[in-house]
Enquirer: 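Below is the structure I would like to discuss, written out as structure tokens.
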There are 2 protein chains.
Amino acid sequence: MTVRRKSAGSDAAASGKASTINDIARLSGVSKKTVSRIINDSPLVRKDTRDRVEAVMREVGYSPDPMARGLAFRKSFLIGMVYDNPTAQYIVNMQYGALDALRDSGFELVVHPCDSRSPGYIDGVRRFAQQQKLHGVMLVPRASEDQALADMLADIDCRYTRIASVAMDEPSRMVVTHDRNGAAEVADYLLGLGHTDIALITGPQAYRSAIERTQGFIEAMASKGVQVPKARVVEAGYTFESGVAAAEKLLFGKQRPTAIFCGNDEMAAGVYKVAMRAGIAIPRQLSVIGFDDSPLASRLWPSLTSVRRHTRDTGRIAAAMLIQPEAAVALSAASIRPHLIIRDSAQPPE
Amino acid sequence: MTVRRKSAGSDAAASGKASTINDIARLSGVSKKTVSRIINDSPLVRKDTRDRVEAVMREVGYSPDPMARGLAFRKSFLIGMVYDNPTAQYIVNMQYGALDALRDSGFELVVHPCDSRSPGYIDGVRRFAQQQKLHGVMLVPRASEDQALADMLADIDCRYTRIASVAMDEPSRMVVTHDRNGAAEVADYLLGLGHTDIALITGPQAYRSAIERTQGFIEAMASKGVQVPKARVVEAGYTFESGVAAAEKLLFGKQRPTAIFCGNDEMAAGVYKVAMRAGIAIPRQLSVIGFDDSPLASRLWPSLTSVRRHTRDTGRIAAAMLIQPEAAVALSAASIRPHLIIRDSAQPPE
DNA sequence: CTGAAAGCGCTTACAG
DNA sequence: CTGAAAGCGCTTACAG
């Protein structure tokens, strides 16, 4: 037999209405201002007062209304995530990471995909940020690389963090993913296997990540004394189809490279398709390496060696910097470095 | 030479503050209540008054503050999307669809992934809905199949829509995806190619979609006079790894089926891996068909014939039903039926 | 069809 | 350390 405990909040609960700051003030015998101080973690409250009020809050299950708070603060408790990256897994991981940081913080995540090639997109983000009085915005590549976007946000006093492969703003606003390091690791790995004739299929050089991955690879090779000839570098579009087209150029020329490093997994899948169709065995006759460590990497056959990015961590840090600015420096200093996941798509050249 | 036009809103603009309903009322010489009526599309406003006020709004770029409106309405302008589906592309498409419906509506999308197997998850959704005073919630499979979740939302008077493969709630709350039809189409297709010994790798039967796809297939076969023996049906977990395990059971038995229908593309990729490794040629020696038409389908080699779901449309309709209840019936009547996308992974049996 | 008053649930600015 | 008053930008309930 259970005894139904009569809680101090049963009036509000019974009437079906959520309790407000006034209820808490009345029930704990303090002014609403004191309750407000407690909600906002003000140090100007005596410990026993705080304890008493917090007990009441717990008992009635009080949580402050974000809209009322937002109205008074002139700022909402919403974090916007702005992105135009077409890769689903990347977006979802970034969202999960942001939500990791936002969990139990009172902030919520509002998603805002956009098309950074369309002319009005900056205005769209501005309306979004201003109308919702966003607490902050996470800028995900490639949108994060658009200086005009960042300038607009600074202009309307909307705080933001930028995720990018290289620093391009104040440290307190940057989460740097160091794509260059991942590409260098690929170069070292392939050189270590004995490859010297390695081709590159790069992403569009209008993307900073593509530049970083390309340069990181080429420089790491150079540092070991191996030059990558221009003809071995084919620029593609980060898409499967563009990977197919690039592979066709590379695999049916006079001399076939013994390995191909692709700027992402999508394009590596394109190389797989061309190689399979042409009867070129991976990895025996051709080593292939991707970038992203997307789900695709382990589902392809043979499974694809690829560079893992810590996308979820990246998202978590970018969001945390928005809601805990004081921790920003420590967080941004935390190095998120990609690293190689070795699977079955590379071996020493024949 | 451009003449800078002095707009009626230049005072507010110059002071850097967004204009409010009071500014609009003052500038157009009406009461704020009339402005409010116009914001809320009330018919109780004379047309010329409305036109005049709307002109002022446009001129100063006014848009009402959602937090102030929400506070007064006791309801926010946020739509929650609750899901526990691990497939990234599905989630992202669903989000895009919802955003299609929400665009320029004043509503925003707040994402809320959860784990429907964890005990406290319903409480988590409740807190989310109550604290944010959500305008409505979209329930995505498999969370949408949890009656206790739907009951809780009804209990707290939070409107919701459920996306599922079969109706399990009032029509005004359902978006039905008819997975059964897609599976039946696969059966017809494989029978048409001449297959009779077809195996199934199904999703977990705790998922309604898995039941629907399995039953849809088996019944369509039966209607053409072909029985599917029990031993030809292997239950797996909708994951790549579970697909691998199931394929190993099916492909190395006494008699190999000539075709396998997989409950999703992930598991089909698992079949590919096992077949490739064992030197079983797809589609010559084994036809394989998936479900989802995920990006994976076209990236595998040979490209995978699969059932396309109209996920983005589904998301759009589910969101539209929340913000335009009057259109709900018409929308839910709109049939979203999956259909087969034929690629290269099936051919007549040898 | 239009408006003045009161209120939504908080915080800021000021006072003590 | 604590509180009474005014205000954030809207809408509801009531009146005309």
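Convention: sequence-line order gives letters A, B, ...; per-chain numbering from 1.
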Enquirer: dG9(C) C1' sits how many Å from M57(A) CE, rounded?
Expert: 13 Å
Enquirer: Rounded to whole angstroms, how far apart are CG on D65(B) and C1' on dT11(C)?
Expert: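 Atom-to-atom, D65(B) to dT11(C), this comes out as 15 Å.
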Enquirer: Determine the interplanar angle of the H112(A) and F128(A) rings, folded into 0 to 90°, and report it as parallel if under 30°, tilted if 30 to 60°, perpendicular if over 60°.
Expert: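 Rings of H112(A) and F128(A): parallel, as their planes differ by under 30°.
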Enquirer: Closest nucleotide of DNA chain C for R50(B) versus for R37(A): which of these residues is on the 5' side?
Expert: R50(B)
Enquirer: Can you tell me the distance, in whole Å, between the CZ atom of R69(A) and the P atom of dG9(D)?
Expert: 18 Å
Enquirer: Is it the case that the side chains of S116(B) and D146(B) hold a donor-acceptor pair, with the cut-off being a distance below 3.5 Å and no angle test?
Expert: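 Absent: no donor and acceptor within the cut-off.
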Enquirer: Of the listed nucleotides (dT2(C), dG3(C), dC10(D)), which one gets closest to any side-chain atom of T49(B)?
Expert: dT2(C)
Enquirer: Any idea which of dT11(D), dG9(D), dC1(D) is nearest the R46(A) side chain?
Expert: dC1(D)
Enquirer: I want to verify a distance call: between dG3(D), dT11(C), dT12(D), whose nearest atom is closest to the F73(B) side chain?
Expert: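 Between dG3(D), dT11(C), dT12(D), the one nearest the side chain of F73(B) would be dT12(D).
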Enquirer: Rounding to a whole Å, what distance do you find between K32(A):NZ and dG3(D):C1'?
Expert: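 Spelled out: NZ on K32(A) to C1' on dG3(D) is 11 Å.
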Enquirer: Any idea which of dT11(C), dT11(D), dT2(D) is nearest the V45(A) side chain?
Expert: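 Nucleotide nearest to V45(A)'s side chain: dT2(D).
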Enquirer: Within this structure, what is the CD1-to-P distance between I38(B) and dT2(C), rounded to whole angstrom?
Expert: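 Checked: the CD1 to P distance equals 8 Å.
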Enquirer: For dA4(D), what is the paired nucleotide under Watson-Crick or G-U wobble rules, both distances under 3.5 Å?
Expert: none
Enquirer: Is S36(B) close enough to dC10(D) that one of its side-chain N or O atoms is under 4.0 Å from OP1 or OP2 there?
Expert: no
Enquirer: Going from OG1 on T34(B) to CD1 on I39(B), what distance comes out if it is rounded to the nearest 0.5 angstrom?
Expert: 11.0 Å
Enquirer: Choosing from dC10(C), dG3(C), dA13(C), which nucleotide comes nearest the side chain of I21(A)?
Expert: dC10(C)
Enquirer: Hey, does M94(B) have a side-chain heavy atom less than 4.5 Å from the side chain of N85(B)?
Expert: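 A side-chain contact is absent here, since even the closest heavy-atom pair is not under 4.5 Å.
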Enquirer: Do R74(B) side-chain and dG7(C) base share a donor-acceptor contact under 3.5 Å?
Expert: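 Check fails, no donor-acceptor contact within cut-off.
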Enquirer: So which nucleotide from dG3(D), dG3(C), dT11(C) ends up closest to the side chain of S31(B)?
Expert: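 Of the options given, the side chain of S31(B) lies nearest dG3(C).
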Enquirer: Send over the distance from N22(A) CG to dA5(D) P, rounded to a whole Å.
Expert: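 Rounding to the nearest Å, CG of N22(A) and P of dA5(D) are 14 Å apart.
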Enquirer: Tell me the interatomic distance from L71(A), atom CG, to dT11(D), atom P, rounded to whole angstroms.
Expert: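 In whole Å, dT11(D) P lies 12 Å from L71(A) CG.
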Enquirer: Would you say V111(A) and I91(A) make side-chain contact, with heavy atoms under 4.5 Å?
Expert: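 No. Closest side-chain heavy atoms not under 4.5 Å.
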Enquirer: Whether D48(B) and R52(B) form a salt bridge (side-chain N of Lys/Arg under 4.0 Å from carboxylate O of Asp/Glu) is what I want to check.
Expert: no
Enquirer: Just name whichever nucleotide pairs with dA13(C), Watson-Crick or G-U, keeping both distances under 3.5 Å, else none.
Expert: none
Enquirer: How is P43(A) classified with respect to the nucleic acid when contacts are heavy atoms under 4.0 Å: base, sugar-phosphate, or nothing?
Expert: sugar-phosphate
Enquirer: Where each residue is assigned the nucleotide of DNA chain C containing its nearest heavy atom, which of V35(A) and T34(B) is assigned the position nearer the 5′ end?
Expert: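 The answer here is T34(B).
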Enquirer: Select one nucleotide: of dC1(C), dT2(D), dC10(D), the one nearest the side-chain heavy atoms of L44(B).
Expert: dC1(C)
Enquirer: Between dA4(D), dT11(D), dT12(D), spot the one nearest the side chain of K33(A), thanks.
Expert: dA4(D)
Enquirer: Within the 4.0 Å heavy-atom criterion, would you say Y62(A) contacts the bases, only the backbone, or no part of the nucleic acid?
Expert: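 Counting heavy atoms under 4.0 Å across all strands, the contact made by Y62(A) is with sugar-phosphate only.
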Enquirer: In whole Å, what is the span from the CG atom of N40(A) to the P atom of dT12(C)?
Expert: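 Value for this atom pair: 7 Å.
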Enquirer: Among the candidates dT11(D), dG9(D), dC8(D), find the nucleotide nearest to the side-chain atoms of I39(B).
Expert: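 Between dT11(D), dG9(D), dC8(D), the one nearest the side chain of I39(B) would be dT11(D).
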